[in-house]
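Values below: all heavy atoms of this structure, side chains included; hydrogens, waters and symmetry mates excluded.
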Amino acid sequence: MRKILIVGAGQSGLQLALGLQAQGYAVTLMSNRTAEEIRSGRVMSTQCMFHTALQHERDLQINFWESQAPKIQGLGVSVAGPDSQRAVDWLGRLDGYAQSIDQRLKMAGWMETFAQRGGQLVIHGAAVSDLDYFARAYDLVLVSAGKGELVSMFGRDASRSPYSEPQRALAVAYVHGLGPRPEHPDLDAVRCNLVPGVGELFVMPTLTLSGRADILFWEGVPGGPLDVFQGLKDPAEHLSLTLDLMRKFTPWEHARTAEVELTDAGATLSGRYAPTVRNPVGRLPGGGLVLGVGDVVVANDPVTGQGSNFASKCAAAYLASIVEHGDRPFDEQWMRATFDRYWEMAQHVTKWTNAMLGVPPEHVLGLIGAAGRLQPVADRFANGFNDPSDFENFFFDPEKTAAYLASVGGTAA
């Protein structure tokens, strides 16, 4: 039986551990927190997982909360005009529903499931020196802990990482009591509110520890009016600031917040990081090799909502590569080929995300505007969140955009 060590218990690490466990591998999972510490801690993300990523969970039969979580059937975009009213507003329909499940709930549950199924769970914050010792006992070591010392083993790939500094300041609040959306009260959707030159507000339904809730997520241009959460410790102050900014920049969303309250004491999060692609293979001091997983190797800004999706897709791609490799050694050539298999998918979301962080070119503004007049454009844009490779066909190139709009009877004007 092949022995595999996975360091990090997030979406990619746990999904991969459970998948390998089901295939008969002897898996050891290292986490710096217990399941209960995760469950009682601070929110970790703004995850909204689309159809393909959800299907990976269904394939492993670990979609434990699917019947409870809201079924997100659409993705809407609003663009604020100079008077803080909506200049653009539309809703695209998803071909397959999306879902958001608080990672405190999911990761704690998955970790307990892994242990109940006989997996070896080690609660220990691993350093490089620890891996140097442990690596000798395993056929393969995978690192999926996207923060801290271990990430330093994986050098930044400058050719694939155009930004060296954070491009957004992030602020998250999970809330109960958000009023129904008047535009589509009976349909759950993620709403992307774009405030040109300032940032973005995302609003999405989720399942949290206390049931159904909504996530209010500001992404602010660094140094701008939304970049005011750094160092803020008090959750109530965080929520108050979130709502004040909604009143100023997205009053149509603020109108729904009269009865809003935080879901729990750990319901807020703020921070920033530079979008980075890293070299996938890390070399330990003793000469051993480790393979990076998920955010360790491809960390995109959450402006396109792809973090948990591509953590899931990475885990699925790595699982297939490991199983297909049989009893052969997991050498550097295999590690790089395994990452390349994943990068074939991930390159599209990295290109799209980095484009969305910049000033949108005229043809993209025209495309977003056209979606308000042409439902097929809105639907295609929405479904690109499930399959970002499709943006290559109609989003990046002005000529392709024009040709696509012409094909559906519209223009970018």
Worksheet item: Which heavy atom of P360 sits nearest a heavy atom of L365, and at what distance?
Response: CG-CD2, 3.6 Å

Worksheet item: Q230 and R272: side-chain donor and acceptor closer than 3.5 Å?
Response: yes

Worksheet item: Between S240 and A236, is there a donor-acceptor pair closer than 3.5 Å when you use the side chain of the first and the backbone of the second?
Response: no

Practice prompt. Scan side-chain atoms only and decide if D301 and T353 contain a donor-acceptor pair under the 3.5 Å cut-off.
Written response: no

Item to complete: Using the side chain to side chain contact (heavy atoms under 4.5 Å, CB included) rule, take K313 and M345 through it: C-alpha gap first, then chi angles, then the decisive distance, then the call.
Response: CA-CA 8 Å; K313 292 175 183 180; M345 296 182 289; 4.1 Å; yes

Worksheet item: Is there a donor-acceptor pair under 3.5 Å between the side chain of T401 and the backbone N or O of F394?
Response: yes

Item to complete: Could you tell me whether the side chain of S40 reaches within less than 4.5 Å of the side chain of E36, counting heavy atoms only?
Response: yes

Practice prompt. State, to 0.1 Å, how close M30 and L5 come at their nearest heavy-atom pair, and which atoms those are.
Written response: CG-CD1, 3.7 Å

Discussion item. Donor-acceptor check, side chain of Q120 to backbone of L29, threshold 3.5 angstrom: yes or no?
Written reply: no

Discussion item. For the aromatic rings, using the six-membered ring if either is Trp, is the centroid distance between F391 and H348 under 6.0 Å?
Written reply: no

Worksheet item: Are a donor atom and an acceptor atom from the side chains of E57 and Q11 found within less than 3.5 Å of each other?
Response: yes

Worksheet item: Looking at CG of L140 and CE of M335, how far apart are the two atoms once the value is rounded to the nearest 0.5 Å?
Response: 5.5 Å

Worksheet item: Does a donor on one side chain and an acceptor on the other come within less than 3.5 Å for R2 and H325?
Response: no

Fill in: Within 45° cone of F395 ring axis and under 6.0 Å: K400 NZ or CZ
no

Worksheet entry | Close side-chain approach of R278 to M153, heavy-atom, < 4.5 Å | no

Worksheet item: Between W343 and F339, how do the two ring planes meet: parallel, tilted or perpendicular, split at 30° and 60°?
Response: parallel

Worksheet item: Got a donor-acceptor contact below 3.5 angstrom from the D139 side chain to the K3 backbone?
Response: yes

Worksheet entry | Least distance between heavy atoms, A378 atom then A371 atom | CB-O, 3.6 Å

Fill in: Nearest-0.5 Å distance, CD1 of residue I215 to CG of residue L178
11.5 Å

Fill in: Nearest heavy atoms of A265 and P235, plus distance in Å
O-CG, 3.7 Å

Worksheet item: With a 3.5 Å cut-off and no angle check, do the side chains of N386 and N383 form a donor-acceptor pair?
Response: no

Worksheet entry | Close side-chain approach of M111 and S31, heavy atoms under 4.5 Å | yes

Worksheet item: Just by modelled atom types, is the A80 backbone N or O under 3.5 Å from a matching donor or acceptor in the Q85 side chain?
Response: no

Practice prompt. Please determine which of P302, S100, S312 meets the side-chain contact (heavy atoms from CB on, under 4.5 Å) test together with Q47.
Written response: S100

Worksheet item: So, for P222 and P166, which heavy atoms are closest and what is the spacing to 0.1 Å?
Response: CG-O, 3.6 Å

Worksheet entry | Close side-chain approach of P70 to L207, heavy-atom, < 4.5 Å | yes

Worksheet item: Under a 4.5 Å cut-off applied to non-hydrogen side-chain atoms, are L54 and N63 in contact?
Response: no

Discussion item. Do R160 and T350 pair up side chain to side chain, a donor and an acceptor below 3.5 Å, judged on atom types alone?
Written reply: no

Discussion item. Working to the nearest 0.5 angstrom, can you tell me the gap between M107 CE and R33 CZ?
Written reply: 11.0 Å

Discussion item. Test your reading of the model: is there a side-chain donor-acceptor pair from E219 to the backbone of L170, 3.5 Å cut-off?
Written reply: no

Fill in: Heavy-atom side-chain contact between V88 and I368 under 4.5 Å
yes

Worksheet entry | Donor + acceptor pair across side chains of S210, H176 (<3.5 Å) | yes

Worksheet entry | Spacing of CZ belonging to R104 relative to OG belonging to S45, to within rounding of 0.5 Å | 10.0 Å

Worksheet item: Passes side chain to side chain contact (heavy atoms under 4.5 Å, CB included), C48 versus I72? Steps please.
Response: CA-CA 9 Å; C48 180; I72 297 169; 3.8 Å; yes

Discussion item. So, taking the atom named CG in L121 and the one named CD1 in I123, what distance separates them when rounded to the nearest 0.5 Å?
Written reply: 4.0 Å

Item to complete: Would you indicate whether K248, at its atom NZ, is surrounded by more than 12 heavy atoms from other residues, nucleotides or ligands within a distance under 6.0 Å?
Response: no

Worksheet item: How far apart are the C-alpha atoms of E66 and Y97, what are their side-chain angles, what is the distance that settles it, and do they pass the side-chain hydrogen bond (donor to acceptor under 3.5 Å, both in side chains) test?
Response: CA-CA 11 Å; E66 183 164 3; Y97 62 77; 2.5 Å; yes

Worksheet item: Do W252 and N193 have side-chain N/O donor and acceptor atoms under 3.5 Å apart?
Response: yes

Worksheet item: How about T276 and R156: does a side-chain donor come under 3.5 Å of a side-chain acceptor?
Response: no

Worksheet entry | Nearest-0.5 Å distance, CG of residue L18 to CZ of residue R117 | 6.0 Å

Item to complete: Tell me, yes or no, whether the heavy-atom count around E259 atom CD, taken from other residues, nucleotides or ligands under 6.0 Å, exceeds 12.
Response: no

Worksheet entry | Audit row: E112, R39, side chain to side chain contact (heavy atoms under 4.5 Å, CB included) steps and yes/no | CA-CA 11 Å; E112 290 167 344; R39 192 178 280 116; 3.0 Å; yes

Fill in: Nearest atoms (heavy-atom pairs only) where G358 meets Y163
N-OH, 4.1 Å

Worksheet entry | Under 3.5 Å: donor-acceptor pair, side chain of Y138, backbone of V27 | no

Worksheet, complete the sentence: Result for ring-ring contact (aromatic ring centres under 6.0 Å, His included) between F381 and one of W352, Y404, W90 points to W90

Item to complete: Could you tell me how the ring of W110 sits relative to the ring of W65: parallel (under 30°), tilted (30 to 60°) or perpendicular (over 60°)?
Response: tilted

Practice prompt. Sequence neighbours left out, what passes salt bridge (charged side-chain N to carboxylate O under 4.0 Å, His left out) with R181? Give chain and number order.
Written response: E183, E253

Worksheet item: Between D188 and R212, is there a salt bridge with N-O shorter than 4.0 Å?
Response: yes

Fill in: Pairwise side-chain contact, V141 with L291, heavy-atom cut-off 4.5 Å (strictly under)
no

Practice prompt. Check step by step if side chain to side chain contact (heavy atoms under 4.5 Å, CB included) holds for V190 and V203.
Written response: CA-CA 6 Å; V190 174; V203 182; over 6 Å; no

Fill in: Under 3.5 Å: donor-acceptor pair, side chain of S144, backbone of G8
yes

Worksheet item: Is it true that a side-chain atom of Q375 and a backbone atom of L91 form a donor plus acceptor pair closer than 3.5 Å?
Response: yes

Worksheet item: Is the number of heavy atoms from other residues, nucleotides or ligands under 6.0 Å of R93 CZ greater than 12?
Response: no

Item to complete: State, with a plain yes or no, whether a side-chain heavy atom of V293 is found less than 4.5 Å away from one of V143.
Response: no

Fill in: Short side-chain donor-acceptor distance under 3.5 Å, Y174 and T206
no

Worksheet item: Does any N or O in the side chain of N279 come within less than 3.5 Å of the main-chain N or O of V281, such that one atom is a donor and the other an acceptor?
Response: no

